[in-house]
Amino acid sequence: MITFKEKLRKKIASRLRSKGSFFLDDLELNYTPQMKMGDMALTFPFQIAKQTGRSPRDIAVEYLPLLKNIEGVDKIEVAGAGFINLHLNRKTFFEGRFTASRCRSYFAEENKIIIEHTNINPNKAAHIGHLRNACLGDTLSRCLKDKGENVEVQNYIDDTGVQVVDVVLGFKDLEKKDLSDIEKYSGRFDYYCWDLYVRVSSLLGANPHYQKRRSEILKKIEHNIDPEASMARLITMRNVKAHLNTMNRLDIHYDLLPFESSILGLKFWEKAFALLKKKKAIFFVEEGPHKGCWVMPFEEDKEKEKIIVRSDGTVTYVGKDIAYQLWKFGLLERDFNYSLFPGSDSLWVTSIHPGSSHPSFGKSDKVYNVIDTRQSYLQKIVVQGLKALGFFPQAEKSIHFSYEMVALSPKSLKEIGQKISGEKKEKTFHEVSGRKGLGIKADDLMDSLEEKALSEIEKRNPDLEPLQKKEIARKIACGALRYFMLKFARNSLIIFDFDEALSFEGETGPYLQYTMVRLKSIFRKWENQGGLSEPDILASADLKNIPWDSLTDKEKDDLWDLIFYAAQLEEEVLHSIRSLEFSHLAKFTFNLCQKLNAYYHLYPVITESEKNVRSVRLLALIHLKNVISRALNLMGIPHPDRM
RNA sequence: GCGCCUGUAGCUCAGGGGAUAGAGCGUCGGUCUCCGGAACCGAAAGCCGCAGGUUCGAAUCCUGCCAGGCGCACCA
C-alpha cells in the first residue's frame with residue numbers, strides 16, 4: 001500500500017503541476033471515513049483556499065477535470081466542503097495484492113539498531129511491570145526487523161547493585177545459608193529470593209544499624225572477596241536463568257546480556273570519565289553541599305546539577321549508563337569480552353575475561369532504551385552527556401522508549417492476599433514494590449492464563465492429546481498476555497485487574513487467535529473434501545483475471561472493505577514504529593479480525609456452489625490469512641492450528 | 001515550588017487539525033438445520049474536565065484554571 005499510494009500520489013501531482021506546484025510537496029492523500037465516499041481523499045483544495053481566500057468547494061470543482069482517467073482509479077468526485085474523493089478499481093487492486101504481497105514496501109534506514117529492554121534486577125522473580133517492558137521492547141524489535149532493520153536486542157543485568165547485596169545479606173544473616181546451600185536449592189529460586197528480599201527490606205527498615213552490614217557485603221562483592229562475591233554471582237545467574245525462562249514462555253529472546261560487573265571490571269567508566277573530563281562536560285565541586293563530587297550541570301535548569309561521581313569517588317548509576325550508552329554507539333574505544341550463556345548457542349553474555357571468537361556487538365547507529373517513564377529525568381541526563389561530549393547525531397538517535405507503569409487495583413491486591421496499611425486504603429491503585437513484595441509475579445500470571453486456557457480447550461477439543469492441549473494453552477496464554485500489554489497506549493497507566501487480563505473474549509489476544517484458527521480450519525476442511533491446497537489454489541488461479549464481477553454488489557462492498565483495510569498493515573507498522581505506539585498495530589489487527597469474522601459469517605466458502613464466487617472467496621481468504629498471520633507475528637502472538 | 005504525563009459512554013480505553021467522536025466490557029434484545037458461539041447482528045448510553053483563543057474546520061493546537069498521577073537523591 002505504501003508503494004501503491006506513493007505511485008498514485010506522483011500521478012496526481014504530475015496532473016496538478018500545470019496549475020502551479022506550491023502544494024505538491026506535501027500532497028495529502030487520506031483515507032475517507034466511510035466506504036461510500038470512496039477510498040481516498042485529496043484535501044489540497046483546503047490548502048489553496050487558505051492562501052487565496054476562495055471557497056474550497058469551488059477550487060475542488062475547478063481542479064476535478066485534471067484528474068480524470070487516472071490508471072487504477074474508477075471514479076473521482078467532489079465531496080463535502082471541498083474534498084476530492086477517489087474510488088479505486090477494486091478488481092485490479094485485489095489482483096495487485098498477489099503480486100505485491102511478496103515484497104515489502106519499506107526499507108531499513110539504519111545500519112544497525114540496538115534495543116535495550118527487560119533489564120530486571122537479578123535478585124527476585126519477574127513481575128507484571130517487567131512483562132509490559134519486555135512485550136513492548138520485543139514488539140518494537142519484531143517490527144523493526146520486519147521493516148528490514150538490523151536489530152540487536154540487549155538485556156542489561158545490574159549484578160553489582162545493592163539489590164543483589166540485600167539478597168546475599170538475607171541468605172547469610174537471616175537464613176544462615178552458604179554457597180552450597182544456594183546451589184542445592186531445587187525449588188523456584190526466583191520466588192524464594194522474592195520473599196527473602198522482602199524480609200531483608202523490612203529488616204533494614206526496622207534496624208538502621210544493618211546498613212553497615214550491607215555496605216560491608218557490597219565492598220566484599222566489589223573486591224571479589226569470597227564467599228560473598230561467589231554467592232552474588234550464583235544468585236545473579238540463577239535469577240537471570242529464571243527470567244529467561246519466564247520470557248521464553250512469551251517467545252521473547254535476546255542477543256546479548258551486558259553485565260554491569262563487566263562495565264566496571266573492564267574500566268568502561270574510567271574511559272568515559274576521562275572523556276567527560278577532557279571535554280569539560282563535568283565539573284569538580286569545590287564548595288557547597290556537593291563538595292567533592294563530579295557533577296554535570298542540568299541543561300534546562302542551570303541552578304541544578306546531577307552528581308555523576310560521589311564524594312567518596314564511586315560512580316552513580318547515571319555515570320555507568322553514560323559509559324554503556326557510549327559503548328552502544330561504538331564511541332568508547334573499548335569493547336567487552338564475550339562468552340556464550342551457559343547452555344545456549346545463540347545468547348551471549350559480556351565477560352571481563354578474554355573469550356573465543358564472537359559476533360560483533362554494539363557499534364550501532366540508533367539506540368532504543370525501553371524504560372518506564374519514571375526514569376525520564378535520568379535518560380535525559382544520559383543524552384545530555386552525549387551532547388556534552390559533542391556526539392550530537394548519537395544524542396539525537398538515543399531514544400527513550402518510555403511507558404507508564406503497571407499498578408495494582410485494590411481488588412487485585414486482595415486477590416493475591418496482600419494487605420494494605422490503613423492510610424493507603426483510599427488509593428485507587430498501588431505501585432508494584434519489590435521491597436514490600438507487592439506485585440504479581442510474571443510466572444504466576446502466566447500459570448493462571450495457561451490454566452484457564454487449558455480448561456477452555458478441554459471444553460471444545462477434549463480429544464486432543466494432552467501434550468498438544470498443553471502447548472495450545474501456552475500459546476493462548478502468550479497471545480492473551482501480549483495483546484493485553486499492547487492494547488493500551490504507552491502513556492496509559494495500567495491498573496491491573498485479573499478479570500480483564502484473563503479475559504479471552506472481545507478485544508483480546510485469543511479473539512485474534514480464534515480468527516486465525518477458523519481461517520486455517522476452513523482450508524483444512526476444504527482440502528479434506530478433496531479441494532486444492534493453498535499453494536495449489538494460488539498456482540492454478542488466473543491471478544491477473546480474478547472473477548471479481550461474479551460477486552453480488554453487496555459482497556463486493558463487504559469484501560472490498562476488508563481487502564482495502566488489510567492493505568494498510570505496513571502503514572500501521574511504520575506508524576507504530578514512528579510513534580512507538582504499538583496499540584495502533586494491536587487495534588488495527590483487532591479491527592481487521594472483526595471485519596473478517598463478520599465477512600465469513602455472511603459468505604460461506606466451501607459450501608458455496610458457484611465456482612467463480614467460491615474461487616474469489618478462497619483467494620481473498622488466503623490473502624487475508626497471510627496478512628493477519630504477519631500482523632500476529634509482529635506482535636509475537638502465536639497462532640495454533642486448533643484451540 | 002519546578003518539570004513531564006493524564007482527564008472522552010456506567011467501567012476499561014482508542015482517536016492527537018478534516019466529513020455523522022469509536023471499540024471492548026457491562027446492560028437490553030436477537031442469531032443456534034452455522035466453514036468452530038473464544039463468534040455474529042441490533043439497541044440504549046457522550047456539554048470529549050472547565051473557560052477563553054487560533055482556524056474555513058478543534059476531542060485534537062495555544063493560554064488560563066480545576067482534578068489526578070509521576071519525577072525533581074552523593075538509590076537504581
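All chains are named by letter (A, B, ...) in the order of the sequence lines, taking the proteins before the strands, and each is independently numbered beginning at 1.
Listed by chain and residue number, A:Asn591 satisfy the side chain to side chain donor-acceptor pair (under 3.5 Å) test with A:Tyr565 (two or more places apart in sequence, or in another chain). Applying the side-chain contact (heavy atoms from CB on, under 4.5 Å) test to A:Ala477 and every residue at least two apart in sequence or in another chain returns A:Met446, A:Leu449, A:Glu450. Listed by chain and residue number, nothing satisfies the side-chain contact (heavy atoms from CB on, under 4.5 Å) test with A:Glu287 (two or more places apart in sequence, or in another chain). Legend: residues meeting ring-ring contact (aromatic ring centres under 6.0 Å, His included) with A:Phe488, ordered by chain and number and at least two apart, are A:Phe484. By the side chain to side chain donor-acceptor pair (under 3.5 Å) test, A:Glu431 pairs with A:Arg374, sequence neighbours left out.
Between the side chain of A:Arg460 and the base of B:A38, a donor-acceptor pair under 3.5 Å is found.
Residue A:Ser521 places at least one side-chain N or O under 4.0 Å from the OP1 or OP2 atom of B:G36. In this structure, A:His584 reaches the B:G15 phosphate: one of its side-chain N or O atoms is under 4.0 Å from OP1 or OP2. For B:C40, the OP1/OP2 oxygens have no side-chain nitrogen or oxygen of A:Tyr514 closer than 4.0 Å. Taking side-chain N and O atoms only, A:Arg490 has no distance below 4.0 Å to OP1 or OP2 of B:C5.
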Exercise. Could you run through nucleotides 70-76 of chain B and give me one letter per nucleotide, 5' to 3': B if any protein heavy atom sits under 4.0 Å from the base, S if only the sugar-phosphate is that close, - if neither?
Key: SSB-BSB

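Sequence neighbours left out, the pairs with a member in residues 578-590 of chain A that pass side-chain hydrogen bond (donor to acceptor under 3.5 Å, both in side chains) are A:Glu507-A:Lys587. Residue pairs meeting the salt bridge (charged side-chain N to carboxylate O under 4.0 Å, His left out) criterion with at least one member in residues 470-481 of chain A, sequence neighbours excluded: A:Asp251-A:Arg474, A:Glu471-A:Arg474.
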For nucleotides 23-26 of chain B, give me every protein contact, N/O to N/O, under 3.5 Å, one pair per line with atom names.
from	atom 1	to	atom 2	distance (Å)
B:A23	O3'	A:Gln594	NE2	3.4
B:G24	OP1	A:Gln594	NE2	2.9

Tell me which donor-acceptor pairs under 3.5 Å the side chains of residues 408-415 of chain A have, and how far apart each pair is, sequence neighbours excluded?
from	atom 1	to	atom 2	distance (Å)
A:Ser409	OG	A:Ser412	N	3.0
A:Ser409	OG	A:Ser412	OG	3.1
A:Ser409	OG	A:Phe496	O	3.1
A:Lys411	NZ	A:Asp497	OD1	3.3
A:Lys411	NZ	A:Asp499	OD2	3.2
A:Ser412	OG	A:Ser409	N	3.0
A:Ser412	OG	A:Ser409	O	2.8
A:Ser412	OG	A:Phe496	O	3.3

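Of the residues in residues 605-612 of chain A, those with a non-hydrogen atom less than 4.0 angstrom from any atom of RNA chain B are A:Val605, A:Ile606.
Residue contacts for A:Pro604: at a heavy-atom cut-off of 4.0 Å it reaches a base atom on one of the strands shown. Across all strands shown, A:Asn119 has no heavy atoms under 4.0 Å from either base or sugar-phosphate atoms. Among the protein residues, A:Ala41 comes within range of the nucleic acid bases, having at least one heavy atom under 4.0 Å from a base atom.
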Exercise. Could you provide the dot-bracket string of RNA chain B, using ( ) for intrastrand pairs, [ ] for crossing pairs and | for bases paired to another strand, with Watson-Crick or G-U pairs below 3.5 Å?
Key: (((((((..((((....[...)))).(((((.......))))).....(((((..]....))))))))))))....

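No side-chain donor from either of A:His400 and A:Gln375 sits under 3.5 Å from a side-chain acceptor of the other.
Relative orientation of the A:Phe298 and A:Tyr377 rings is perpendicular, given thresholds of 30° and 60° on the angle between their planes.
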